[in-house]
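Heads up: the structure comes next, in structure tokens.
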4 protein chains.
Amino acid sequence: MTDSGDSRPADTVLTRPGKRERLLGAAADLLYREGVEKTTLADIAQAAGVPLGNIYYYFKTKDAIVDAVVEAHVRGIKEMLASLDRRYRNPKGRLKALFRTLAGQHDRIAQYGCPHGTLCSELEKTGRAGEPAVARLIEIPIAWTEEQFRSMGRRDARDLAVEFIASYQGTAVLTQALREPALLSREGRRLERWIDSLDTSE
Amino acid sequence: MTDSGDSRPADTVLTRPGKRERLLGAAADLLYREGVEKTTLADIAQAAGVPLGNIYYYFKTKDAIVDAVVEAHVRGIKEMLASLDRRYRNPKGRLKALFRTLAGQHDRIAQYGCPHGTLCSELEKTGRAGEPAVARLIEIPIAWTEEQFRSMGRRDARDLAVEFIASYQGTAVLTQALREPALLSREGRRLERWIDSLDTSE
Amino acid sequence: MTDSGDSRPADTVLTRPGKRERLLGAAADLLYREGVEKTTLADIAQAAGVPLGNIYYYFKTKDAIVDAVVEAHVRGIKEMLASLDRRYRNPKGRLKALFRTLAGQHDRIAQYGCPHGTLCSELEKTGRAGEPAVARLIEIPIAWTEEQFRSMGRRDARDLAVEFIASYQGTAVLTQALREPALLSREGRRLERWIDSLDTSE
Amino acid sequence: MTDSGDSRPADTVLTRPGKRERLLGAAADLLYREGVEKTTLADIAQAAGVPLGNIYYYFKTKDAIVDAVVEAHVRGIKEMLASLDRRYRNPKGRLKALFRTLAGQHDRIAQYGCPHGTLCSELEKTGRAGEPAVARLIEIPIAWTEEQFRSMGRRDARDLAVEFIASYQGTAVLTQALREPALLSREGRRLERWIDSLDTSE
DNA sequence: TATGAATGAGCGTTCATTCAT
DNA sequence: CATGAATGAACGCTCATTCAT
């Protein structure tokens with residue numbers, strides 16, 4: 001569950017517990033709110049309550065932190081989707097719950113945009129480390145959504161999934177630009193009606 | 001129409017022609033492709049073929065350049081919409097043409113995202129200059145789209161406009177994330193069918 | 001009266017009248033209030049209402065402006081002393097009038113110090129142009145004062161002159177440091193009593 | 001006693017000893033000899049044998065260095081006065097010793113003026129940081145001098161103190177302007193006679 | 001003479017990264 | 001493992017000075 005995917009030190013008694021996690025959390029928050037370029041390692045260190053020099057024990061470079069934040073988001077997304085799978089058995093219910101979950105933070109989205117979409121945008125531009133990883137922030141929800149549509153018997157499941165996630169991402173962009181959280185709520189209602197209206201052979 | 005809104009030196013014969021424009025063009029391009037934070041004034045200077053120190057004759061600060069780029073985008077958007085108004089008399093035709101124009105650069109969008117959406121995202125985060133200007137990049141197309149829907153007799157014109165622009169912005173986000181320009185084409189076809197299917201009392 | 005000491009352009013109809021004088025006045029004011037290093041040529045140009053590039057027609061370099069300002073001060077001091085010579089026949093009266101004149105601007109002195117003393121200080125430090133000229137800002141008043149004491153029959157005229165001018169300069173330093181213009185008035189009264197009490201064989 | 005008043009890094013064994021002190025010393029020297037505006041951080045770094053970027057570990061900004069130099073001067077003045085208090089019991093002896101100490105560096109004063117007076121002058125002009133601190137460079141010696149006069153039973157102790165310090169400062173100005181260190185020696189002798197001649201009820 | 005424009009060296013400052021202990 | 005200190009390249013910006021007309 002907490003596997004980071006890279007060689008992180010074992011959680012022995014010697015390691016101050018949670019230090020890496022605190023760094024990751026602080027980094028995720030700052031990268032989201034301030035942007036990747038504007039966030040300094042000193043900012044992250046301070047926010048995490050970790051001495052600057054000590055960061056490098058946990059992360060080789062700033063890029064490594066960024067990568068780890070992306071990975072943390074990927075894990076978070078996977079966990080969320082798994083949770084939806086557990087809590088909802090019906091694909092339509094799952095889709096509606098997905099949007100509610102994504103759009104739940106509409107006030108933060110109005111300030112900083114979608115955490116995945118904006119991170120993706122910024123990283124693709126600056127072309128950090130030739131990361132293909134970042135695309136998963138978008139691809140994973142699409143794939144899961146596609147699966148739901150497919151289980152509803154839709155042949156055009158992929159297209160519908162793209163349309164669904166695009167609706168969320170696009171509304172997030174507008175919500176941030178116009179600083180109008182209500183946009184997400186309204187779009188949520190529209191999508192719910194749309195999903196309810198869909199033919200299903202299930 | 002081409003008034004920049006800030007005190008730029010008069011375009012006399014003495015001024016090497018287009019220097020400011022070249023700076024603006026280089027800045028717009030770099031800001032789009034590299035992001036605002038990552039783009040340096042030296043980059044802009046070099047791309048425009050202007051000595052670094054000379055930038056400050058045309059723009060007081062980097063922020064002023066960013067503002068000017070936003071303004072240039074705003075002007076460009078207005079001109080594009082005016083051109084659509086001229087070329088198409090039918091609101092449905094206009095809307096379809098808008099999407100075709102926006103999505104026309106799908107290869108660049110697959111690399112760098114929507115020029116307006118990503119700029120908006122980045123600027124809202126870093127909160128430069130308390131600019132409300134940047135929201136216009138999104139608001140103006142929405143307002144124009146709303147107008148088209150309204151002229152079609154739609155009471156829910158604003159909602160439809162938000163939905164329409166959000167579809168484009170969201171697809172742009174996905175297109176960039178997945179590096180799949182085809183997404184925009186497919187969404188274009190879907191929106192065309194949708195628009196054609198809309199009731200209109202015109 | 002208006003001879004500048006260096007080759008300034010003749011005051012023909014072609015030359016906008018007073019341009020050099022305006023530059024000099026603006027420079028003197030800014031050098032006094034902001035300090036030599038902090039004052040830019042652009043500041044001077046703007047304050048004088050003269051285009052930046054045009055300064056160089058009147059002054060070869062910034063140093064030349066500084067020199068010219070020193071010269072202008074020297075001229076001003078000489079004129080003031082000549083005026084005192086004309087208006088007062090009695091050496092004691094002359095000395096008291098000198099202090100009243102110097103200390104007259106006590107509010108400005110409380111903000112910026114003595115125009116001659118602070119200019120002298122700053123220029124001696126930065127060692128501009130190996131100027132010996134600047135010392136005259138101090139030497140000329142001392143010499144004049146010495147002359148007055150000598151005409152009073154004092155053998156120690158030079159020492160008394162140094163003491164007198166030092167009292168003014170020192171009080172000016174304290175006046176600026178403590179921002180207390182009253183210091184100069186009080187010192188003026190003390191010096192008047194002192195002068196009145198002096199033996200004179202005249 | 002040597003507490004700097006700002007958050008300087010603890011003087012642990014890890015810190016290369018004296019680095020901050022060397023920076024402060026180099027800064028004080030350069031600020032005195034070259035003036036505040038003319039002194040660059042690179043100059044200070046080089047004079048202290050510290051890499052440019054490392055300055056910022058010890059001082060946040062150039063202004064902070066200037067402030068620290070002022071504070072160092074204030075501390076130095078206080079220590080000198082405390083030393084005089086210890087070494088001399090008689091107020092007249094103390095006053096004479098003060099002048100001797102201040103004027104001791106007459107050769108440097110002939111080149112750069114009084115370290116306190118000229119710093120004060122320059123800082124009051126450029127209005128750095130709204131510092132009232134700088135006035136203490138002048139006020140503290142005046143207050144101490146006043147105390148001596150008061151302990152001699154003088155009612156006009158403040159005026160005498162102002163006169164005394166002004167004499168020093170004014171002579172320092174003349175000494176620098178005329179590059180004549182002897183002026184300070186002569187003024188020292190005059191002030192000694194003056195002090196010896198003063199009535200005292202002690 | 002007059003002037004807007006151009007130029008480049010240098011300024012204060014930041015920051016990812018490394019080092020010594 | 002931990003950490004204060006060190007480092008240097010680069011950033012945004014300024015400015016005296018020069019140029020072209």
Side-chain angles (χ1 to χ4, degrees), chain A residues 9 12-16 19-20 37-45 50-65, chain B residues 8-17 19-20 37-45 50-65, chain C residues 9-10 12-16 19-20 37-45 50-65, chain D residues 9-17 19-20 37-45 50-65:
Chain A
T12 69
V13 281
L14 291 176
T15 313
R16 179 127 144 264
K19 214 158 176 180
R20 190 180 196 276
E37 292 298 323
K38 218 196 160 198
T39 298
T40 71
L41 292 179
D43 290 342
I44 294 171
V50 167
L52 175 58
N54 199 11
I55 290 189
Y56 286 86
Y57 177 74
Y58 298 98
F59 302 98
K60 269 203 169 70
T61 63
K62 185 180 177 182
D63 275 0
I65 298 182
Chain B
R8 80 150 191 276
D11 222 323
T12 68
V13 281
L14 295 177
T15 312
R16 180 130 141 261
K19 210 155 179 184
R20 190 181 196 272
E37 294 297 324
K38 216 198 162 199
T39 298
T40 70
L41 293 176
D43 291 341
I44 295 172
V50 167
L52 176 56
N54 198 14
I55 289 189
Y56 289 88
Y57 184 77
Y58 297 96
F59 302 98
K60 274 201 166 69
T61 63
K62 184 180 178 182
D63 274 2
I65 297 181
Chain C
T12 69
V13 281
L14 293 176
T15 313
R16 179 127 143 265
K19 216 158 176 181
R20 189 177 195 275
E37 292 299 323
K38 219 196 160 199
T39 298
T40 70
L41 291 180
D43 291 340
I44 295 172
V50 167
L52 175 58
N54 199 10
I55 290 190
Y56 286 87
Y57 177 74
Y58 298 99
F59 302 98
K60 269 202 168 71
T61 63
K62 185 180 177 183
D63 274 0
I65 298 182
Chain D
D11 221 323
T12 69
V13 282
L14 294 175
T15 313
R16 178 129 143 262
K19 210 156 179 183
R20 191 181 195 272
E37 293 298 323
K38 216 197 162 199
T39 298
T40 71
L41 291 177
D43 291 341
I44 296 172
V50 166
L52 175 57
N54 197 16
I55 289 190
Y56 288 88
Y57 184 78
Y58 296 96
F59 302 97
K60 273 201 165 70
T61 62
K62 185 180 178 182
D63 273 2
I65 298 182

DNA chain F in dot-bracket form (Watson-Crick or G-U pairs under 3.5 Å, [ ] crossing, | inter-strand) is .||||||||||||||||||||
What one should report as the nearest heavy-atom pair of B:Lys62 and B:Glu37 is NZ-O, 3.7 Å
Which heavy atom in A:Leu41 sits nearest to a heavy atom in A:Ile55, and how many Å separate them? O-CD1, 3.5 Å
Test side chain to side chain contact (heavy atoms under 4.5 Å, CB included) on C:Tyr58 and C:Asn54; report intermediate values, then the result. CA-CA 7 Å; C:Tyr58 298 99; C:Asn54 199 10; 4.0 Å; yes
Figure out the CZ/C1' separation between C:Phe59 and E:dT3, and round it to whole Å. 17 Å
Smallest separation among heavy atoms of C:Thr61 and C:Tyr56, with atom names: CA-CE2, 4.3 Å
How many Å lie between CZ on C:Arg20 and C1' on E:dA2, as a whole number? 17 Å
Determine, for nucleotides 12-18 of chain E in 5'-to-3' order, which nucleotides have protein heavy atoms under 4.0 Å from the base (write B), from only the sugar-phosphate (write S), or from neither (write -). SBBSSBB
Between D:Ala45 and D:Pro51, the two heavy atoms sitting closest are CB-C, 4.3 Å
For B:Pro51 and C:Ile55, take the nucleotide of DNA chain E holding the closest heavy atom to each; which residue's nucleotide lies nearer the 5' end? C:Ile55
